[in-house]
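Comments concern the structure below.
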Amino acid sequence: RYLGIYESKFVTNENYCEPIIDKKTFEIVQEKLKINKQYSARRKAKELFILSGKAFCGKCGHNLVGISGTSRNQTRHSYYTCNQRYGKNKCDLSYKKKEVLENFVLDSLHKLIFEFEDFELLCEKIGEYYKAENIAEINKYFNTKLYSIEKKFDNITNKIIANDDENVLNRLKEQAKSLTKEKEELLNQKQLMILNRTNITKEDIKNKFENYYFEKENYEQQRILIENLINSIYVFDDFINIYFNFDNASPVTLEEAKKDIEDILNAEISNNLCSNIKGQPQPPVFIYEHTKNVYFLFKKFKFALILKKRI
């Protein structure tokens, strides 16, 4: 109704009434509501749960929310639980103790940034794959446009061959000249974009992490770390996927998180570095096996720390 559109089960009338707001404003408001919903989990907890708004259920994909209670002996207990546990679908993800889950995530991040012996190698590999992914995306975008121009060239060529009218031929030649100019501009744009989006270095990746120094007992530093460095955290019964922020991407979906675990379980790892997934001859994925239960994954601009751990 805000856009003047009436919808029912059987009919849609796009001119039902005068719009209250314009479409652009409506879309901006919807995006803000979507973001607010992601962080509404924070308001459900009376105490501070630093993973709220970032942590998601590995079974149904909904937010994990913080709950607290006092036992018979007056001991206070705090947990993360799926916000659908008591909802319509009654998700059965097990309760996760607040202190255990938060400490595990923070300890894993601290070890990655400050204690991981192959951190520089990892940053170098991430940079390489980041460049490769950017080049692949740029080629895909421009090749589609260039293919369209080539098809138009073919059509013009066929018309020139089949036509002997001088006026028509002149118009066709002008069209061909215009297409040639358009093709040259596209190739220049492609080259410029490749230069601009592939200049990331190992040091850039290192700084991305090391800028967020934190002490394990400093809540404010922890909050800033989680807020800025973490994209999303998926908590399964046997795995925890920690996704880092790159290019301010949208939160990772449950389907993506499940597929990443599947890729790791199917990976043929040799000397810690994986370049082959069973059934995928040349996958755009980089997997580093730090230990038997700790993996780093970079795929389609996602960088994740995936840990096989039951909490």
Side-chain angles (χ1 to χ4, degrees), residues 33-115 212-244 251-255 257-258 260-261 264-265 291-295 304-311:
L33 288 173
K34 182 179 178 181
I35 294 172
N36 290 340
K37 184 178 180 181
Q38 176 185 349
Y39 292 99
S40 65
R42 287 192 175 95
R43 296 193 290 270
K44 291 188 177 182
K46 293 182 180 179
E47 63 180 287
L48 298 171
F49 289 77
I50 63 172
L51 303 183
S52 291
K54 296 286 188 176
F56 297 88
C57 174
K59 289 199 171 183
C60 68
H62 285 84
N63 289 80
L64 295 189
V65 295
I67 60 171
S68 300
T70 304
S71 62
R72 292 179 181 178
N73 61 2
Q74 301 304 305
T75 301
R76 188 166 181 79
H77 300 279
S78 300
Y79 301 89
Y80 284 94
T81 186
C82 177
N83 69 3
Q84 291 297 300
R85 171 171 281 275
Y86 304 108
K88 182 178 178 181
N89 298 322
K90 298 191 182 300
C91 180
D92 63 352
L93 181 76
S94 60
Y95 289 104
K96 309 299 178 184
K97 289 185 178 181
K98 174 184 182 295
E99 183 178 0
V100 174
L101 180 58
E102 289 182 352
N103 285 346
F104 179 74
V105 170
L106 290 168
D107 188 55
S108 299
L109 295 177
H110 194 276
K111 288 180 178 178
L112 166 64
I113 299 172
F114 302 111
E115 301 175 25
Y212 295 107
Y213 171 80
F214 72 100
E215 297 174 354
K216 294 182 181 179
E217 304 303 321
N218 189 317
Y219 169 77
E220 183 60 20
Q221 289 179 351
Q222 294 173 2
R223 185 192 65 77
I224 293 173
L225 172 83
I226 298 296
E227 185 73 25
N228 293 282
L229 189 59
I230 302 302
N231 173 290
S232 48
I233 300 171
Y234 273 88
V235 181
F236 299 83
D237 281 333
D238 296 315
F239 280 91
I240 296 179
N241 295 17
I242 303 174
Y243 293 93
F244 298 94
V252 175
T253 66
L254 175 61
E255 290 70 26
K258 287 181 176 179
D260 292 338
I261 292 176
I264 283 176
L265 294 177
T291 66
K292 186 176 181 181
N293 296 319
V294 179
Y295 303 88
L305 171 60
I306 299 181
L307 307 113
K308 187 174 184 181
K309 174 75 173 180
R310 176 174 286 272
I311 291 183

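Quick caveat, the model's predicted, so the values are computed rather than measured.
For the 3.5 Å distance criterion, the side chains of Y243 and D260 qualify, holding a donor opposite an acceptor. Side-chain contact, K96 with S94: a donor N or O sits under 3.5 Å from an acceptor N or O.
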(request) Apply side-chain contact (heavy atoms from CB on, under 4.5 Å) to Y80 and I311, showing your working. (result) CA-CA 11 Å; Y80 284 94; I311 291 183; over 6 Å; no
(request) Tell me, with the steps shown, if N63 and F56 meet side-chain contact (heavy atoms from CB on, under 4.5 Å). (result) CA-CA 4 Å; N63 289 80; F56 297 88; 3.9 Å; yes
(message) Is there a side-chain contact (heavy atoms from CB on, under 4.5 Å) between D238 and I261? Walk through the geometry before answering.
(response) CA-CA 10 Å; D238 296 315; I261 292 176; over 6 Å; no
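Counting only distance, with no hydrogens or angles, the side chain of N103 and the backbone of E99 share a donor-acceptor pair below 3.5 Å.
Considering all non-hydrogen atoms of both residues, L254 and C60 come closest at CD2-C, 3.5 Å. Heavy atoms only, all atoms of each residue included: R85 and T81 are closest at NE-OG1, 3.1 Å. For the pair T75 and N73, the tightest heavy-atom approach, listed with the atom from each and the gap, is OG1-OD1, 2.9 Å. Pairing each heavy atom of F236 with each of G58, the nearest pair is CE2-O, 3.0 Å. Scanning all heavy atoms of the two residues, the minimum distance from Q222 to I50 falls at OE1-CD1, 3.8 Å. Here the closest heavy-atom approach between residue V252 and residue Y234 is recorded as O-OH, 2.7 Å.
More than 12 heavy atoms of other residues, nucleotides or ligands lie within 6.0 Å of NZ in K59, so this atom counts as buried by the packing criterion.
Put simply, CD1 on I230 and CG on L305 are 8.5 Å apart, with the number rounded to the nearest 0.5 Å. Going from atom CD1 of I233 over to atom SG of C57 covers 14.0 Å, rounded to the nearest 0.5 Å.
The shortest side-chain heavy-atom distance between L64 and L93 falls under the 4.5 Å cut-off. L101 is not listed as a side-chain neighbour of Y79, based on a closest heavy-atom distance of 4.5 Å or more. Between L225 and L106, some side-chain heavy-atom pair lies under the 4.5 Å cut-off. Using a 4.5 Å heavy-atom cutoff, the side chains of L109 and I226 are in contact. The shortest side-chain heavy-atom distance between P251 and N231 falls under the 4.5 Å cut-off. Side chains of F239 and L307 form no contact here, defined as non-hydrogen atoms less than 4.5 Å apart. The closest side-chain heavy-atom distance from I306 to I242 is not below 4.5 Å.
For K98, the salt bridge (charged side-chain N to carboxylate O under 4.0 Å, His left out) partners two or more places apart in sequence, or in a different chain, are E102. Applying the side-chain hydrogen bond (donor to acceptor under 3.5 Å, both in side chains) rule to R72 yields no partners; only residues at least two apart in sequence or on another chain are considered. When the side chain to side chain contact (heavy atoms under 4.5 Å, CB included) test is applied to S68, the partners found at least two apart in sequence or on another chain are E47, F49, R76, S78.
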